[in-house]
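Contents: one structure, followed by commentary.
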Amino acid sequence: AITDLHLPTTQWKVGGVPIISMMNMELRRGKEKAVIKKALVDLDGEPMKAFEAVRDSWKMNDCYRSPGPIQFKGHEWADAATITLSLELNGGNPILLRDANDPTNF
């Protein structure tokens with residue numbers, strides 16, 4: 001895990017996180033087992049509604065934006081959170097992950 005991402009890169013701190021701490025414990029065959037929690041799609045959520053609005057045009061056109069990990073340098077969307085987070089947390093408006101006016105924040 002990397003912490004202090006709001007600081008310049010020279011001040012970031014790196015540490016390890018045990019994978020077991022990121023898992024859920026469930027009773028399976030009478031014993032507690034570490035499992036990956038199921039994450040079902042909320043069919044009534046904002047991300048699904050946004051997808052439904054463009055689904056038909058996506059069948060015929062090559063329209064996409066990378067939903068992948070944060071990119072620290074690059075195109076104009078490199079400093080934006082994923083579309084899903086923007087829809088769930090900010091009404092669909094982009095969420096910038098850094099202050100674009102701060103010259104020390106690379």
Side-chain angles (χ1 to χ4, degrees):
I2 302 173
T3 60
D4 295 328
L5 293 175
H6 62 287
L7 298 173
T9 55
T10 57
Q11 296 179 29
W12 289 0
K13 295 179 184 152
V14 180
V17 177
I19 194 165
I20 194 80
S21 69
M22 295 184 280
M23 299 181 83
N24 289 336
M25 300 302 289
E26 288 184 8
L27 194 60
R28 302 262 175 108
R29 296 184 184 171
K31 294 183 182 178
E32 289 282 321
K33 290 208 55 136
V35 298
I36 297 172
K37 184 178 180 178
K38 291 179 185 175
L40 303 176
V41 174
D42 179 2
L43 298 178
D44 296 319
E46 290 303 315
M48 188 63 188
K49 290 176 186 172
F51 169 68
E52 288 173 342
V54 295
R55 177 174 26 202
D56 289 336
S57 69
W58 283 5
K59 289 177 186 176
M60 302 303 292
N61 300 303
D62 187 17
C63 305
Y64 67 92
R65 184 171 121 198
S66 175
I70 297 170
Q71 300 174 31
F72 293 101
K73 295 220 182 245
H75 55 81
E76 65 182 284
W77 291 107
D79 298 320
T82 64
I83 295 169
T84 303
L85 284 176
S86 296
L87 288 165
E88 290 178 345
L89 302 177
N90 203 29
N93 297 310
I95 300 172
L96 292 180
L97 300 174
R98 70 172 180 91
D99 181 358
N101 298 317
D102 181 356
T104 65
N105 194 352
F106 293 95

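All values below come from the heavy atoms of this structure, side chains included, with hydrogens, waters and symmetry mates left out. Numbers for residues simply follow the sequence, beginning at 1.
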Which pair of heavy atoms, one from Ala34 and one from Met25, lies closest together, and at what distance? CA-SD, 3.7 Å
For Leu43 versus Met48, what's the shortest heavy-atom pair and its separation? O-CG, 3.6 Å
Could you report the tightest heavy-atom contact between Pro47 and Leu87, atom names first, then the distance? CA-CD1, 3.6 Å
Suppose we screen for side chain to side chain contact (heavy atoms under 4.5 Å, CB included). Which residues come up paired with Arg28, at least two apart in sequence or across chains? Glu26, Lys33, Val35
Judged by atom type as modelled, is there a donor-acceptor pair below 3.5 Å linking the side chain of Asn90 to the main-chain atoms of Ser86? no
Could you tell me if the side chain of Met22 sits less than 4.5 Å from the side chain of Val17, heavy atoms only? yes
Below 4.5 Å, heavy atoms only, C-beta onward: do Asp4 and Gln11 meet side chain to side chain? no
Presence of salt bridge, Glu46 and Lys49, under 4.0 angstrom: yes
Kindly say whether Thr3 contributes a backbone atom to a donor-acceptor pair with the side chain of Trp12 at under 3.5 angstrom? no
Linking I/L/V/M/F/W/Y whenever any side-chain heavy atoms sit under 4.5 Å apart, do Phe51 and Val41 land together? yes
Decide if atom CD1 of Ile19 counts as having more than 12 heavy atoms of other residues, nucleotides or ligands within a radius under 6.0 Å. no
